[in-house]
There are 2 protein chains.
Amino acid sequence: MNTPILAPGGLPIAAVERDTGLAKDTLRVWERRYGFPLPVRDSNGERVYSPEQVDKLRLIRRLIDQGMRPAKLIGLDPQALGQLLEELGSPRADDDPERTAHFQAILKFVRLHLHEELRRALQQLLMKMGLQQFITGIVAPLNHIVGDAWLRGDLEVVEEHLYTEQVQNILRTAISTQTSTTRERPMVMLTTFPDEQHALGLLMVEAMIAPEGACCVSLGIQTPVEDIRAAATAGRFDIVAVSFSSAYPARLAVDGLRSLRATLPAGIALWAGGAGLRGTERKLPGVKIFQSLEEIPHALAEWRHSAKAALQP
Amino acid sequence: MNTPILAPGGLPIAAVERDTGLAKDTLRVWERRYGFPLPVRDSNGERVYSPEQVDKLRLIRRLIDQGMRPAKLIGLDPQALGQLLEELGSPRADDDPERTAHFQAILKFVRLHLHEELRRALQQLLMKMGLQQFITGIVAPLNHIVGDAWLRGDLEVVEEHLYTEQVQNILRTAISTQTSTTRERPMVMLTTFPDEQHALGLLMVEAMIAPEGACCVSLGIQTPVEDIRAAATAGRFDIVAVSFSSAYPARLAVDGLRSLRATLPAGIALWAGGAGLRGTERKLPGVKIFQSLEEIPHALAEWRHSAKAALQP
DNA sequence: GTTCATGGTTTGTCCTGGACAAAATGTTGA
DNA sequence: TCAACATTTTGTCCAGGACAAACCATGAAC
């Protein structure tokens with residue numbers, strides 16, 4: 001049982017699946033077809049992956065999420081993969097030098113584990129910019145930066161956790177001050193499918209919706225599709241919004257959204273967004289796919305407009 | 001790929017894995033060994049599970065989480081399984097009628113999905129009782145009640161989620177108003193081991209510590225043991241506190257705590273608590289095991305006392 | 001020049017049935 | 001009562017074959 005400690009850094013296939021998001025079957029079939037990754041075997045003949053292999057797999061995973069194909073990536077060395085990622089990673093030529101400075105400062109606090117300073121810096125920016133601007137201008141790009149850095153092994157697990165936790169605190173507090181007593185339409189239900197681990201995307205959406213005065217109910221992560229349907233119908237919600245992190249397999253997302261759309265009453269809109277949905281718009285008729293958080297206020301306004309039109313024809 | 005829609009209500013194996021948390025391999029091996037679930041096959045020979053099978057699988061899963069064994073469960077019909085779940089929910093006789101009334105009211109709001117009323121009721125109680133009393137007197141017992149009800153199938157997933165989310169909001173907001181700028185000793189690091197899904201226990205601990213003026217840093221859930229050690233050492237923490245929900249296998253908890261205690265410097269205390277640790281105290285020398293949240297303030301005072309004594313001998 | 005159908009290729013997921021170690025349970029002796 | 005050992009249960013892993021959906025390139029039609 002202690003073998004993961006005895007074999008320093010070597011990971012069994014289940015851990016690799018967890019860490020990279022690549023299914024066990026996929027890992028085995030890659031080995032068979034491409035010859036990578038070729039893990040060593042323990043005394044029982046089971047695969048043991050080296051940290052280097054896992055790192056490379058993470059890079060490949062990330063690039064596949066961006067639309068590249070495995071065959072073209074698997075032969076490359078980690079350095080080349082890293083370069084590809086940098087090129088793809090939104091041309092992070094940030095024109096706003098002030099914002100870049102903010103990012104640098106915050107990243108420094110994260111790296112040095114200065115939680116108090118981190119909290120204060122975020123809080124200050126929130127106060128200055130307002131919730132929605134703070135989300136789209138700071139939190140969303142920072143999530144990207146932190147996520148990238150973590151993938152590249154440039155940030156420790158602990159540091160990523162620290163960042164996530166502090167942002168969550170700030171956002172939850174900010175949202176709960178907004179939400180005082182709005183019962184306005186539309187009523188939005190917010191959640192994720194099972195297996196989704198990341199609550200931050202959900203919170204960002206909630207933070208974008210709350211200031212618009214809509215009634216937004218978050219169920220947190222991991223609600224089974226059938227339960228989403230039942231609750232949305234019973235609660236007379238107008239919109240069901242589902243969020244997908246980049247780690248979520250697009251296939252599962254599309255599957256779940258299709259089946260949800262099919263069983264959800266036509267009167268309830270289905271919204272979905274997040275990095276896990278890149279390039280799936282065409283496959284999901286009847287589902288509104290968001291490319292970015294900034295579209296949310298406009299979409300809400302649009303919903304209200306057509307709701308009003310429907311009332312007075 | 002559209003089969004899940006064409007076969008109404010029939011789910012492919014990946015969807016069942018998603019909905020029940022049972023691995024595909026486990027589903028196949030149960031079929032082979034016990035003859036349940038025996039899904040029909042689609043035109044391609046792939047398994048298609050009925051909703052009834054999935055429901056029964058969910059019940060079995062819950063009972064297994066409670067410590068029962070598959071062989072004894074799989075032959076039973078859903079009704080018997082439900083009854084077993086009811087029996088497991090421990091009878092909790094509460095002597096305080098006022099508190100019981102609060103619980104009843106809150107449970108009613110949860111059942112009716114009245115999120116706004118739920119939030120307000122909790123907020124009100126928090127204001128009246130103060131954070132620590134609110135945790136030990138309301139939140140902790142309510143968690144138990146809600147957890148039991150969910151286990152028995154007496155509460156929907158959605159309702160449990162709603163409750164959890166609202167409590168989290170309340171607690172996070174309350175904590176962040178307490179934490180303004182305390183840098184007082186002891187410095188406590190708070191987290192869980194990987195595979196732990198529940199953040200609420202962590203938050204309750206944080207809420208018990210914050211009003212004592214200690215510096216409490218939560219890393220959220222799922223931090224690998226090695227990273228906990230590294231971060232605690234580098235950050236010069238005084239105490240590392242780890243929380244375990246009832247679903248966490250006690251054996252894993254004991255193992256992890258032992259290995260953490262062995263690698264952590266002797267000067268850093270290791271605290272652990274939560275339902276997942278029932279009856280393990282003796283096996284863990286050097287680890288302070290908490291039976292209840294109410295012990296926390298006293299333990300903090302004790303730590304401060306002995307720290308002072310160490311300075312002035 | 002853009003859209004649409006076509007056919008070939010790539011790729012992820014599913015299958016069977018065997019194997020084994022960790023966990024749980026039962027048994028024995030101090 | 002507890003510890004050590006034997007046995008059963010149970011989840012996860014493995015190999016290697018199969019197949020359909022997703023992707024890509026080519027050419028035809030508007």
Side-chain angles (χ1 to χ4, degrees), chain A residues 1-4 6 11-18 20-34 36 38-49 57 60-61 63-75 249-255 258 278-280 282-284, chain B residues 1-6 11-18 20-34 36 39-49 57 60-61 63-75 195 248-255 279 282-283:
Chain A
M1 169 171 279
N2 280 334
T3 34
L6 295 178
L11 299 175
I13 196 168
V16 178
E17 177 179 41
R18 249 214 333 259
T20 64
L22 294 164
K24 290 189 266 265
D25 271 329
T26 306
L27 289 167
R28 287 193 276 255
V29 93
W30 280 10
E31 182 179 340
R32 204 194 313 166
R33 284 189 191 142
Y34 311 121
F36 178 89
L38 250 177
V40 292
R41 302 300 183 114
D42 66 9
S43 58
N44 191 30
E46 306 197 344
R47 293 172 172 80
V48 176
Y49 295 84
L57 285 171
I60 294 176
R61 169 73 211 277
L63 285 161
I64 289 176
D65 283 349
Q66 305 284 339
M68 312 216 126
R69 323 260 351 239
K72 314 217 161 187
L73 299 170
I74 261 179
R251 194 194 129 83
L252 283 183
V254 171
D255 254 30
R258 272 201 186 129
R278 240 176 259 272
T280 57
R282 279 172 309 175
K283 302 175 201 162
L284 290 164
Chain B
M1 170 174 271
N2 279 335
T3 34
I5 296 173
L6 295 177
L11 300 174
I13 195 168
V16 178
E17 177 180 42
R18 198 168 21 96
T20 65
L22 296 164
K24 291 189 269 263
D25 271 328
T26 306
L27 290 168
R28 287 193 276 254
V29 93
W30 281 8
E31 181 179 339
R32 204 195 312 168
R33 283 188 192 144
Y34 312 121
F36 178 89
V40 292
R41 302 299 183 114
D42 66 9
S43 57
N44 191 30
E46 305 196 347
R47 293 171 172 81
V48 177
Y49 295 84
L57 285 171
I60 293 176
R61 173 73 210 278
L63 284 162
I64 288 177
D65 282 348
Q66 292 300 106
M68 311 218 130
R69 320 231 35 210
K72 315 217 161 181
L73 299 169
I74 251 175
D195 290 337
Y248 201 91
R251 224 191 169 83
L252 281 185
V254 172
D255 254 32
R282 277 169 307 177
K283 300 181 199 162

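Each chain gets a letter, A, B and so on, in the order the sequences are listed, and its residues count up from 1.
- In terms of the side-chain contact (heavy atoms from CB on, under 4.5 Å) criterion, residue partners of B:R61 (sequence neighbours excluded) are, by chain and number, B:L22, B:D65.
- Protein atom CG of B:L27 is 15 Å distant from nucleotide atom C1' of C:dT13, rounded to whole Å.
- The salt bridge (Lys or Arg N to Asp or Glu O under 4.0 Å) test applied to B:R32 returns no partner, not counting sequence neighbours.
- Applying the salt bridge (Lys or Arg N to Asp or Glu O under 4.0 Å) test to A:D42 and every residue at least two apart in sequence or in another chain returns nothing.
- When rounded to the nearest whole Å, the span between CE of A:M68 and P of C:dT10 equals 17 Å.
- Here A:N44 does not reach the OP1 or OP2 of C:dC20: none of its side-chain N or O atoms lies under 4.0 Å away.
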Using a cutoff of under 3.5 Å, can you pull out all pairs of nitrogen or oxygen atoms linking the protein to nucleotides 9-13 of chain D, with atom names and distances?
from	atom 1	to	atom 2	distance (Å)
D:dT10	OP1	B:P70	N	3.3
D:dT10	OP1	B:A71	N	3.1
D:dT10	OP2	B:Y34	OH	2.9
D:dG11	OP2	B:W30	NE1	2.6
D:dG11	N7	B:R33	NH1	3.1
D:dG11	O6	B:R33	NH2	2.5
D:dT12	OP2	B:T26	OG1	2.9
D:dC13	OP2	A:K24	NZ	3.1

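- Judged as a salt bridge (Lys or Arg N to Asp or Glu O under 4.0 Å), and not counting sequence neighbours, B:R33 has no contacts.
- With sequence neighbours excluded, the residues forming a side-chain hydrogen bond (donor to acceptor under 3.5 Å, both in side chains) with A:N44 are A:E46, listed by chain and number.
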